[in-house]
Amino acid sequence: MGRVGVLLLNLGGPDQLEDVRPFLFNLFSDPEIIRLPFTWLQKPLAWLISTTRARKSQENYKMIGGGSPLRRITEEQAQALQASLRQRGQDAQVYIGMRYWHPFTEEAIARIKRDNIERLVILPLYPQFSISTSGSSFRLLDRLWQEDPSLHRIDHTVIPSWYARSGYRQAMAQLIAQELDQFPEPDSVHIFFSAHGVPLSYVEEAGDPYQQEIEECTALIMQTLNRPNAYTLAYQSRVGPVEWLKPYTEEAIPELAEQGVENLLVVPISFVSEHIETLQEIDIEYRELAEEAGIHHFQRVPALNTHPVFIDDLAEMVVSAVNAPSLKLSEVPQMRKQVKMYPQERWEWGMTTAAEVWNGRLAMIGFIALLIELISGHGPLHFVGLL
Ligand SMILES: C=CC1=C(C)c2cc3[nH]c(cc4nc(cc5[nH]c(cc1n2)c(C)c5CCC(=O)O)C(CCC(=O)O)=C4C)c(C)c3C=C
Ligand SMILES: [Fe+2]
Ligand SMILES: [Fe+2]
């Protein structure tokens with residue numbers, strides 16, 4: 001077999017405070033993150049939201065040391081994976097492709113080409129598939145493949161999601177058990193899985209399998225943990241005015257407190273590295289909320305980072321993928337299930353078209369109103385929730 005490469009996909013995060021605004025601009029420029037009726041609205045709205053959100057977001061990054069640890073941790077994971085692969089007799093070069101910040105996916109692909117990689121395993125560092133995470137990276141890669149015929153000589157295979165693997169489940173169960181055993185009465189602790197939220201329409205209209213994969217994932221981890229604890233699943237980090245998956249973490253925590261729960265162990269479930277939503281949102285915001293609601297003992301399970309059981313499981317997954325038949329970017333079943341949600345891509349007639357015209361008009365009115373507010377400096381921009 002020729003030279004083997006592994007492309008780890010991740011979201012990326014600002015390394016320093018100056019990066020926050022351009023990072024947010026990249027994120028909100030992605031139609032998988034904000035769906036708009038017209039493509040021409042995407043960049044101006046991304047500019048507007050990133051400019052107005054940057055200060056609040058920077059405050060949060062300041063609380064965790066002035067930047068995201070995501071790049072450093074992902075690099076450590078890549079090194080650990082490469083070493084674990086070598087131990088298994090699999091020589092492979094591991095690359096990192098971030099979606100919205102350095103090192104960008106485009107840079108990783110340029111290096112993969114330069115290194116003459118012949119077999120490439122594409123592995124998202126998200127255990128569950130969502131349109132907004134792995135889906136967005138797959139779409140970008142698919143576009144790069146379509147634009148550059150020289151990439152066609154790379155025999156690539158995709159791993160769409162891997163939350164059901166036993167190594168991952170065991171690593172998560174080990175981390176949970178370790179934290180449970182620090183409580184005076186481990187069995188009385190309520191286990192609180194906090195998944196990253198997505199807008200409800202992703203699941204109900206666009207066919208995102210994310211909610212189903214999250215539910216299966218938590219049930220499997222509880223099975224592997226094999227303890228008598230009660231548990232809850234809720235969704236965190238809602239952004240914007242639309243409805244997201246429920247229950248919301250910030251509502252579920254006080255409800256549990258009201259029901260008499262005093263010991264809470266939070267398990268972040270959508271992401272394998274520490275990042276702003278574990279270090280700031282859970283450790284600072286939700287802790288404060290829980291303590292105010294009367295939860296006396298609030299702990300969080302650390303992210304997997306370079307947990308050896310997890311890294312070895314990734315390595316085994318890669319070795320199997322190298323030797324198995326390929327799953328091409330264009331064949332990922334989770335992508336094919338998706339209904340295209342952008343009106344300009346949808347081919348339907350009748351009432352829907354009328355509705356879309358109105359969506360467009362409303363979006364334009366909203367956009368202009370925001371622009372006026374921004375320029376005049378008057379009025380709270382917060383009403384949209386995004387800002
Ligand atoms: C506005 C819509 C967003 C959706 C949908 C979304 C889904 C989603 N995100 C992650 C993981 C991460 N998100 C991160 C940052 C981040 N995400 C959004 C918005 C959406 N995410 C924003 C605005 C930001 C910037 C931070 C902020 O201002 O709040 C990060 C990076 C964290 C870091 O340390 O820098 C990660 C990771 C998942 C898993 C997910 C859906 C399943
Ligand atoms: Fe996010
Ligand atoms: Fe988020």
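Residues: numbered from 1 along the sequence shown. Order of appearance sets the numbers: ligands from 1, and atoms from 1 within every ligand.
- Heavy-atom separations between Trp101 and ligand 1 are all 4.0 Å or longer.
- Under the 4.0 angstrom criterion for non-hydrogen atoms, Gln128 is not in contact with ligand 1.
- In the vicinity of Val198, heavy-atom distances shorter than 4.0 Å reach the ligand 1 atoms 41 (C), 42 (C).
- Using modelled atom types and a 3.5 Å distance limit, the side chains of Thr278 and Glu274 yield a donor-acceptor pair.
- Annotation: Arg53 places an N or O atom under 3.5 Å from an N or O atom of ligand 1; distance criterion only.
- Side-chain atoms of Gln259 and Glu255 form no donor-acceptor pair, as typed in the model, at a separation below 3.5 Å.
- In this model, a donor atom of one side chain and an acceptor atom of the other lie less than 3.5 Å apart for Glu213 and Ser161.
- Residue Ile276 has at least one nitrogen or oxygen atom sitting less than 3.5 Å from a nitrogen or oxygen atom of ligand 1, judged on distance alone.
- Contact atoms of ligand 1 toward Pro14: 35 (O) (distance under 4.0 Å to a heavy atom of the residue).
- For ligand 1, the atoms closer than 4.0 angstrom to any heavy atom of Val239 are 1 (C).
- Arg111 has no carboxylate O lying under 4.0 Å from a charged side-chain N of Glu107, or vice versa, which leaves the two without a salt bridge.
- Between Ser270 and ligand 1, a contact under 3.5 Å exists for no N or O pair.
- Ranked by closest heavy atom to atom 3 (C) of ligand 1, the top entry among Tyr210, Tyr235, Trp244 is Trp244.
- Here the shortest heavy-atom distance to atom 6 (C) of ligand 1, taken over Gln236, His196, Glu281, belongs to His196.
- Under the 6.0 Å cut-off for aromatic ring centres, Tyr126 and Phe271 qualify, their centroids lying closer than that.
- Of all atoms in ligand 1, listed by their number and element, those nearer than 4.0 Å to a heavy atom of Phe23 are 25 (C).
- The heavy atom nearest to atom 28 (O) of ligand 1, out of those in Ser237, Ala54, Ser57, Gly240, is found in Ser57.
- For an aromatic pair to be called close, the ring centres must be under 6.0 Å apart, and Trp244 with Tyr235 fails this.
- A heavy-atom separation below 4.0 Å is found between Leu24 and ligand 1.
- For the pair Arg143 and Asp148, the salt-bridge criterion is not met [side-chain N within less than 4.0 Å of a carboxylate O].
- The shell of residues lying under 4.0 angstrom from ligand 1, judged by heavy atoms, excludes Ala195.
- One finds no salt bridge joining Glu59 and Arg55 here, because no Lys/Arg side-chain nitrogen approaches an Asp/Glu carboxylate oxygen to under 4.0 Å.
- Considering backbone and side-chain atoms together, Ser130 places no N or O closer than 3.5 Å to any N or O of ligand 1.
- Between Asp181 and Arg227 there is a salt bridge, with a side-chain nitrogen of the basic residue lying less than 4.0 Å from a carboxylate oxygen of the acidic one.
- Looking only at side-chain heavy atoms (C-beta outward), Asp313 and Gln170 stay at 4.5 Å or farther from each other.
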